[in-house]
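Residue numbers count from 1 along this sequence.
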Amino acid sequence: MAFSAAELQKRHGLEGAPDPFPTLGDNPAPAPSTTAQRLNSNNGPSGSSVDTSSEDAFPSLGASAAPATNITKPAISAWASKPTAVKATGGKAKGAAASSGGLGRIGTPTATSHPFSDTFSIPAADLVQGKTAQETISKVREQTGVIVESSTQMRTGLKTFLLRGADQKKLVVARRLIERGLSKPVTIEVAVPITTLGTIIGPKGSTLKGITDSTQVKIDIPRRDTLPAYDPKDAKSDAGSDESDNEDDEPQVPISITGPSAACNDAKNKILALISHKTSQTSTSIKTIPSSYYPFISGPKGVKVKQLEEEIGQGEIKIHVPPPAVWKALEKQSQGDLDENEAIPKDRDLSIKVKGEKEKVKLAVQEILKQYEILNDSLRELKISIPKRQHRFLVGSSADDILDQTGCIVELPPVDDPSDQCVIKGPQPSLIPALTLVMDKANAIAVEMVDIVTLHRPNTSDPLAHAKKVLRYLLRTSKLRSIADSHSGVKIFPPFASAVANTGSVVIEIVGENKGEVTKAKDEVAQIVKSVLPAGTTSVEVDHLIHSLLIGKKGSKIAQFEQAHNVTTVFPPAQEESSDVTLIYTEPLDSLPTEKKARDAKLKEILAGASKAIAELAKDAADIKTETLDIEKKWHRYIIGTGGTVLNALIGEDQLVNVKVGSNSSSKSASASKEKESEDVVVVRGPSGEVDRVVKQIQQIVEDAKNDDIINGHTVEFNVLKQYVPHLVGTSGATINKLRETLGVKVNFDDDENAAKKVSKKPVVHCKIVGRKEAVEEAKKRLDAQIEKLEDETTEIVHIKRAIQPALIGSGGKYAIRLEEKYGVKLSFPRDNKEGQKPDEVVIRGGKKGVAQAKAELLEAAEYENESRQSISFTIPTKSISQIVGKAGATINKIKDDTNTQIDIEKTPSESDKTKTEVTVRGDKASIASAKKAILEIVEEIGDEIEDSLEIDQKYHRTLIGQGGNKLRETISNATGGSLEGYKQAGLVTFPKSGDSDLNTVKFRGDSKIVKKIKAELEKQVATLKETVVIGVVVPQSQHASKIGRGGSALQDLQRRTGAVVHFPGSRQYSSVGEIENASELGDAPEGDIVKVIGTKEVAAKAAEQLQIVNERPARTDSRQGRSTPGNDYPSKSISIPTKYYHAIADQQNLIRQIRGVGAFITIPTAPPKPASAKPSATSATNGNGNGLAAKTARIDLGAEDDIADDVEGDFELVENYQNAPEGEQEWSVRAKEEADLEKAVKVLEEAVERAKAATHVGLLTGLPRSAFPRIIGSKGSTISRIRAETGADVQVSKDDDLITITGDETSVLQAKDSILSIVSRPQRGDRY
């Protein structure tokens, strides 16, 4: 498998390699390139991407103490002569103004200016290409200032984007712009419940508009007339009713979303979030559990159900366990709500219903089924006979008591079943106690009965019919309920209609715990029953349609009639549509004759008058008539309306008329006629005035419908081959919907099997177009044109090599699109995930002529590409890959660009020869030859690699390496003429490390010519070093400043004139340059007066002579370069300061500037001898021969494979400050023109003294790897400045060794030490090379 350039960089250790010689000055080494960072994060050992914003992976060090304005330039490598430009993929041309990145400054963006990053991937096949993509990326950069880099993985087909910006918000905006600007348009469908459409659309479409505006997608919601019929109110009432067990699933409506993939998904998520309350809820019914187990599952008074709702449902579900049907019927009878004609509920038990959050509903159902299985295995039965009238005492609260006390329930037979056998069900040990409790409950209530048939048998030949009338009267007038309410604890149960029909008796039962109250209630019921004599009742035929007119509003009319005639009127239930109205004489019988015949005659007379009067009222109330309209069936739907809405409006709220449409009645009150009506007939029956109104309105509705049909009902029908229908309809109906919307017609396709058999053997679809004549004809014309085009369509398959297909498609598909537009065809190139199409097959669809022309041009282009897409493979030395690839792929990319070729280097060396690696070059013949020549030229330049060594005394190693590797770097540069890139120098020279068996052998590895030159240069330098001596020269400390000069100018001039190297006491390299050879000649000279001179004997002697010339130095003032000092007549003040604080105060930065800032001047006394700098003890100090850890980590000669311990903690020593400082005091003089300025200057000086006094301790930290020093210092010194600001301690990092000096009070020194160690202990990003 071939490697990309970026992968080869990673493999051969070239990407993101840090500067091997980190500088400790103001210019830290540059960070790895952005490309390298991305490769490191994506191709590291773990194989997973690194989240650069992770606090765990990259913990923050707190706010930087250094001002942000100092970060103006990228870091400069010690090997580079100028800053290296950071090039972003797709960036502006060289010389163009750099983007500010939203930070208000110009220059190359850095990791500090763009600290936030984000990475995401999108399938490359889903992205647009070419100019559109370039414009989108440019727009992102201009609007957000975000740096955008991208790369495509050929294996996965993913295009990965790396974004870096100044803040997180801009990254979010940039990502959204890229996802929506580059993604190809797609269409997705979301199925939503029909009742949520209103929520999605919002008031006047505001919600839907908000989604489309924010996501920039098109959302299509089906039109209202295409939605399935569904009434949420009916569904809700059915779901909430115990009488219904059929819950229809709510219809799902597909919503189409068209736009970029990411935007479509965003819109989809927004829609689902809007309706989450609906989609997250569900309901289910459990129909597999027999109803006899319901009480056990529910528990006494529903305790167990409530426990399930709280424990499993957590308040988010509702469980409804209905009682058995017989319980409901008996409870309804006990409440007096049962009509004598009401049908007894069937012995059909409803299912258990669970509603609420989906997952919790599922868990609750599982638990209920589990409980049923346990109950089914453990429950036993005991059968017992209990009188039917006592069954009602075993339901409701009594059943709860039995279940609570014994864990058993009583199964009762249906109310219309004459059997009295009951079943006690429960655990075996509880059956006998349950039996006892059941009998106690059944016998605890007193029962009395009133048999209406028996009471009236002597008075009439048909006592049963009269008993039914009396029962209806008692129920309609609520007499029984009034009697029950007047006696405490008494209930009156009327008989069920089924019981009356089965037994032929009408028995009213009166029950209660107090037998006395029950007896009294029974007597009252019997008295009322007896008062309704057979002769005192009669029936009158009154049309049911005018019953409501006779009753009047709130019964006012019928009340007047009853009062006038001393009767009670009992109307039949409305649902019976019966015309039989019963009149009952209800006045006291005392006013009637006592003799039976005379009384009956009087009653008949009264009832006859009442019957006549109600008949006249009925005649006056309405003139009932029937109208039959002959209306063609196709117009019936206009009369009925959607969901019967138009018909309901016609009938009116009072429902005085009955309208029957066709053979299926849609009226609110069905007709009693049993005649079979014609399908084209509409029957209207009711009061004449209402019938006339309804008939007139129906005729007008039909007339309007006919007129509309004439205008918009022009119809054209024809057959279309089924294979063409998908093309005519379009994706998601887009084509046909456009035709409908444009012309305002209705177009429907229906399968027509009969037509298919008549026309041909091919399947056809019947097409029907309805609308205005002009629009229908235009629609037919357009469909015919499409069909004609489809009939001419043909398909050709062209075989083209997969390798050259991308070239034929072009960037962003531009070449393929041009062919499609030119010849009116459709090209289909194979995809990896497309089934049924071979990799070398290209499908062309379209008209025959266009397909032929496109095929010819495509084959011609393919032949040209075949000729221009040659390839050649050859091998190169594996060791030369890094030079061929170059830093960040620069070399190989340049070859690719110059020769216009594709170059692939294999990942692994050849199996037959591990020193060789295969390279494949693709392109035309001339380009391949040029690329191969350029690669081989690089291989030839590398030459033969050799290994060599040189014996050099280890005492010279540090000198040969130099500070930060500068000396060795200069040596290599001189040997190679400066032509070798910095990253190629690593590994050329390897000095021995601590622990090596041979500490004097220096090894070389590289090109033979370069190795020989470097070796010769080192031999020359060693020869010079062998003649070098270190002598000491006594120079009083008071003369040191003049010998060094301002900015070291005098010292540099001395070294230039003599050729010697001079180190004054206190310099960083003073202690590491070696021991003084003439120490015996110096006698007892103070250590602070001894200056070290290094060079040959002649050079050292010459420099010593120059140093011993005495210079007079006046007292130091703040005058600079001839500036006039303030006059002696200015107010002045002298301050006595201990001599030991002299250097601590004088070395404070900006002291003179601060005093000048307040308008004053200072005269600094002569400097006392500077005490020797504090040094770590011998056990912790780094040895001077280059074998210490710090020396190891700072060495240029160490390769990337040389490991350094990760657990280095360093050595720390805390000593007191000013131990060897001189005693006594010195006078510091401050002058100013104004007294106020003088006071301010004195205050500044006193603050400097306080700071010096506070520095009581010095911490000496050694043993840390110098590779960590750049992190301790930070970019532009930001990290070390932050440590100083946070701890209050002064931190100095040595340039020569691993010593870090921390000055301050004891607490601040320890805090600074801890901060440094925490920085060093963090893992470094990337590897050293």
Side-chain angles (χ1 to χ4, degrees), residues 23-26 955 958-959 961-967 1025 1028-1079 1082 1085-1095 1099-1100 1103-1104 1106-1108 1111 1113 1116 1142-1144 1146-1149 1167-1176 1181-1186 1188 1190-1191 1194 1217 1220-1221 1258 1260-1262 1266 1269 1273 1290-1303:
T23 176
L24 300 181
D26 292 333
K955 68 180 180 181
R958 178 178 292 276
T959 305
I961 294 173
Q963 178 184 352
N966 287 332
K967 183 64 177 176
L1025 290 174
T1028 300
V1029 296
V1030 180
I1031 65 173
V1033 181
V1034 179
V1035 180
Q1037 285 193 12
S1038 59
Q1039 297 290 320
H1040 288 186
S1042 61
K1043 295 297 183 182
I1044 296 173
R1046 185 177 182 184
S1049 58
L1051 178 59
Q1052 292 173 3
D1053 181 65
L1054 174 64
Q1055 293 180 139
R1056 184 174 59 256
R1057 286 186 286 105
T1058 62
V1061 178
V1062 181
H1063 290 286
F1064 283 83
S1067 70
R1068 294 182 176 180
Q1069 296 181 353
Y1070 184 85
S1071 59
S1072 61
V1073 295
E1075 298 298 328
I1076 298 173
E1077 296 182 6
N1078 64 335
L1082 302 179
E1087 184 179 350
D1089 293 346
I1090 299 177
V1091 178
K1092 292 184 179 180
V1093 182
I1094 306 167
V1099 168
Q1106 295 291 328
L1107 287 170
Q1108 289 175 341
N1111 295 329
R1113 179 188 176 195
R1116 179 182 174 189
Y1142 176 89
H1143 293 287
D1147 292 342
Q1148 290 185 18
Q1149 296 181 359
K1170 190 172 185 179
S1173 302
K1175 298 294 181 181
T1182 304
N1183 58 38
N1185 58 9
N1217 200 3
N1220 301 320
V1258 178
L1260 305 174
L1261 182 59
T1262 59
R1266 285 185 60 83
F1269 280 20
I1273 297 171
D1290 180 60
V1291 182
Q1292 297 294 335
V1293 179
S1294 174
K1295 293 183 179 180
D1296 302 320
D1297 49 32
D1298 61 349
L1299 175 62
I1300 299 176
T1301 305
I1302 310 171
T1303 307

Give the minimum heavy-atom separation between Val1029 and Ala1100, together with the two atoms involved.
CG2-CB, 4.3 Å
Could you give all pairs that pass the ring-ring contact (aromatic ring centres under 6.0 Å, His included) test and reach residues 1050-1076, with sequence neighbours left out?
His1040-Phe1064
Quick one: list whatever passes side chain to side chain contact (heavy atoms under 4.5 Å, CB included) with Asn1078, sequence neighbours left out.
Ile1031, Ile1076, Glu1081, Leu1082
Taking all non-hydrogen atoms of both residues into account, name the closest pair between Gly1088 and Pro1065 and its distance.
O-CG, 3.3 Å
For the CD atom on Glu1077, are there more than 12 heavy atoms of other groups (residues, nucleotides or ligands in this structure) within a distance under 6.0 Å?
yes
Among residues at least two apart in sequence or on other chains, which ones pass side chain to side chain contact (heavy atoms under 4.5 Å, CB included) with Thr1028?
Leu1025, Ile1094
Donor-acceptor pair, side chain of Arg1057 and main chain of Ala1103, under 3.5 angstrom
no
Check Phe1269 against Ser1294 and note the closest heavy-atom contact, atom names and distance.
CE2-O, 4.0 Å
Residues two or more places apart in sequence or in another chain: which of them pass side chain to side chain contact (heavy atoms under 4.5 Å, CB included) with Pro1086?
Asp1089
Hey, are the side chains of Leu1260 and Thr1301 touching, using non-hydrogen atoms and a 4.5 Å cut-off?
yes
Which atoms form the tightest heavy-atom contact between Ala1104 and Val1033, and what is the distance?
CB-CG2, 3.4 Å
Taking only residues two or more places apart in sequence, or in another chain, which ones meet Ala1085 in a side chain to side chain contact (heavy atoms under 4.5 Å, CB included)?
Val1034, Ile1090
Over all heavy atoms of both residues, which pair between Val1035 and Leu1107 is shortest? Give the atoms and the distance, please.
CG2-O, 3.8 Å
Nearest non-hydrogen partners of Arg1266 and Asp1298, listed with the distance
NH1-N, 4.4 Å
For Asn1217, all residues meeting side chain to side chain donor-acceptor pair (under 3.5 Å), sequence neighbours excluded:
none
List the steps and the verdict of side chain to side chain contact (heavy atoms under 4.5 Å, CB included) for Leu1051 and Lys1043.
CA-CA 6 Å; Leu1051 178 59; Lys1043 295 297 183 182; over 6 Å; no
